[in-house]
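Written out below as structure tokens is the structure these notes cover.
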Amino acid sequence: MKFTLNLNTKEVSSADCYVIGAYSKTETKGKKDVSTVVLTGWPKELKATFESMNSSADYTGSKGSTYSFNHYGSDVLVVGLGDKTKVTTEDIRKELAKAYKAVSKYKKVAVAFDTFTFKSKKEESLAILVEAFEMTAYKFDKYLSKSESAKLEEVILDSADKGTKKKAFQKAIKDAQHVAESVNVARDFVNEPPNVLRSTAYAKMVQKDVKDIPGVKCKIMGRKELQKENMNLFLSVNDGSAYDAQLVHLTYTPSKATKNTKHIAFVGKGLVFDTGGYSLKPGGSMMNMKFDMAGSATVFAAFRAAALMKLPVKITCILGMTDNAVNSKATMPDAIVKARNGKTVEILNTDAEGRLVMADCLDYACDLKPDALIDAATLTGACLIALGTEVCGLMSNDEKLASNLLKASKSADEYMWQLPIIPEWEKDMKGTISDLKNIGGSRWGGTAKAAAFLQEFIKNDVAWAHLDIAGVGDSQSHLPYCPSKGASGVIVRSLVEFLKQN
Ligand code: BES
Ligand code: MG
Ligand code: ZN
């Protein structure tokens, strides 16, 4: 989609359809609340046409409502945003996403940008608009023999803004495109079926994706290299697989990096399929376990967006890829395996495999001594019980880092909630014949117990935060800018916001 800025205008650009926002004002008349439409920032002639329509008298501009009419031969879509004093950035994002769906049949659309501006924050509002359109345009239709491609090619952004900050506006559009494209790249990886996205194929696809991004390096390690690194927990998950374990190690170094440049490390769970291993999942629970690599896709997407935006922060991204399958060599429950950090783990349940892969990857990442280490993983079904499918679980050993992540998620309008890691849960993960067990004594508090396990692999006093995206990684049918079925790409924008703050 091409976005063209048309500044310093009070006219309606010629296009197949014109999208314009309207607000609503409610006054008490006598004992009745009466709502009327507010048309601030509307071009004069358009306002006149609107008011000349008989049915427009009933239109109040309430949130979520729309009104269509024709103005000199071209269609106009009015998008209701409700009370201007109460409107939020998420309201605007959602209404624009719905508007995109209504106008994607046109080739060229103009948007009255000023009517969608949140509290005069123009760059932020441009980003919301561009992200909403690009995220909503996403489709995973490569396996359909017949599919319809969206028509919308060009979006003209009309604004009365004088244009003195045109460069900054253009940068905001470009950056938003990088972010939305990265969200869509993550969705593509997650939606890819497991017979295509083998660990080895996934690693190559990531490498290919970053090939031309300045400042980015990519190294792929396989079983041999992982053996040298003593990553036996990771390898134990891969033992039953016909495909090689892959650790993808990405770095992005900004062009003006100095000694003081912050270094953030990401680790992502990349289970391209989770059968549960010998602790086999029942069929119903196994369905859709191709999405068990969503953590890796999420951190990778944030990484590539940051690199494309040329953010002044050094980023390492470690992706641990394998499937969790069964064959005669697969790890059996009761196995005791020594981790990269020397701790022994009794693997009582081979379905608690994500933490094993993450453990070795986290230890590996701590060796790089980052200023902060953030991991993302579809780690526990318990997270869906605790926080539903809409909220991302956050656990951390560092309150400052946790609060910065919460702040970032707020500014991205994504839900995140912190769970504690209490000493009792740390104790529950200790073993009797080994240092640790990979499951606790009971199911209760499973999400944070998994975090207590991961915490055993954090060293060098690294500030660490764990994001359990088991709920939010998949379908978010309440969000009009996410596909109703399949990978959501949620949390990518929170991580980008976090990187921007650093
Ligand atoms: N990948 C799953 C977690 C998961 C389950 C994500 C359902 C999304 C939906 C993970 O590897 C797993 O199987 N975890 C077990 C842990 C248990 C054995 C302690 C779980 O949640 O059941
Ligand atoms: Mg599992
Ligand atoms: Zn898993």
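In listed order, ligands and their atoms are each counted from 1.
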I'd like to know if the side chain of [X] pairs up with that of [Y] as donor and acceptor (distance under 3.5 Å, no hydrogens or angles considered).
{"X": "Asn324", "Y": "Thr275", "value": "no"}
{"X": "Ser279", "Y": "Asn349", "value": "yes"}
{"X": "His249", "Y": "Thr316", "value": "no"}
{"X": "Thr322", "Y": "Ser199", "value": "no"}
{"X": "His466", "Y": "Asp375", "value": "yes"}

Part of [X] with heavy atoms under 4.0 Å of ligand 1, whether side chain, backbone, both or neither:
{"X": "Met289", "value": "side chain"}
{"X": "Lys269", "value": "side chain"}
{"X": "Leu379", "value": "backbone"}
{"X": "Met286", "value": "neither"}
{"X": "Asn349", "value": "side chain"}

Quick one: do [X] and [Y] make a salt bridge, cutoff under 4.0 Å?
{"X": "Lys228", "Y": "Glu225", "value": "no"}
{"X": "Glu192", "Y": "Lys142", "value": "yes"}
{"X": "Asp239", "Y": "Arg223", "value": "yes"}
{"X": "Arg340", "Y": "Asp367", "value": "yes"}
{"X": "Lys171", "Y": "Glu123", "value": "no"}

Report task. Using distance alone, decide if ligand 1 has a nitrogen or oxygen within less than 3.5 Å of any nitrogen or oxygen in Gly381. Result -> yes
Query raised in the report: Any N or O on Asp292 sitting closer than 3.5 Å to an N or O of ligand 1?
Result: yes
**Report entry** Shell of protein N/O/S atoms around the Mg ion (ligand 2), taken as anything under 2.8 Å
**Finding:** Asp274 OD2, Asp351 O, Asp351 OD1, Glu353 OE1
Query raised in the report: Do the ring planes of Phe133 and Phe3 sit parallel (below 30°), tilted (30 to 60°) or perpendicular (above 60°)?
Result: tilted
As an exercise, identify every atom of ligand 1 less than 4.0 angstrom from a heavy atom of [X].
{"X": "Ile439", "answer": "19 (C)"}
{"X": "Phe291", "answer": "8 (C)"}
{"X": "Arg355", "answer": "16 (C), 19 (C)"}

Query raised in the report: Would you say atom 13 (O) of ligand 1 has a protein heavy atom nearer than 4.0 Å?
Result: yes
Report summary line: Only one of Ser488, Pro483, Ser182 passes side chain to side chain contact (heavy atoms under 4.5 Å, CB included) with Arg187, and that residue is Pro483
Query raised in the report: So among Val357, Ile220, Val206, which one has a side chain to side chain contact (heavy atoms under 4.5 Å, CB included) with Leu319?
Result: Val206
Of all the non-hydrogen atoms in the protein, which one sits nearest to [atom], and at what distance?
{"atom": "atom 2 (C) of ligand 1", "value": "Asp274 OD2, 3.6 Å"}
{"atom": "atom 15 (C) of ligand 1", "value": "Asp351 O, 4.0 Å"}
{"atom": "atom 11 (O) of ligand 1", "value": "Glu353 OE1, 2.7 Å"}
{"atom": "atom 6 (C) of ligand 1", "value": "Ala470 CB, 3.7 Å"}

**Report entry** Reported CG-to-CE distance for the pair Leu405 and Met395, which is rounded to 0.5 angstrom
**Finding:** 11.5 Å
Query raised in the report: Among protein atoms, how many N/O/S atoms lie less than 2.8 Å from the Zn ion (ligand 3)?
Result: 4
Report task. For a salt bridge (Lys or Arg N to Asp or Glu O under 4.0 Å) with Glu456, tell me which candidate from Lys430, Lys449, Lys437 qualifies. Result -> Lys430
Requested in this report: Measure the shortest side-chain to side-chain distance between Lys407 and Lys410 over non-hydrogen atoms and say whether it is less than 4.5 angstrom.
Outcome: no
Requested in this report: Mind running side chain to side chain donor-acceptor pair (under 3.5 Å) on Asp244 and Thr200 for me, showing each step along the way?
Outcome: CA-CA 6 Å; Asp244 204 9; Thr200 41; over 6 Å; no
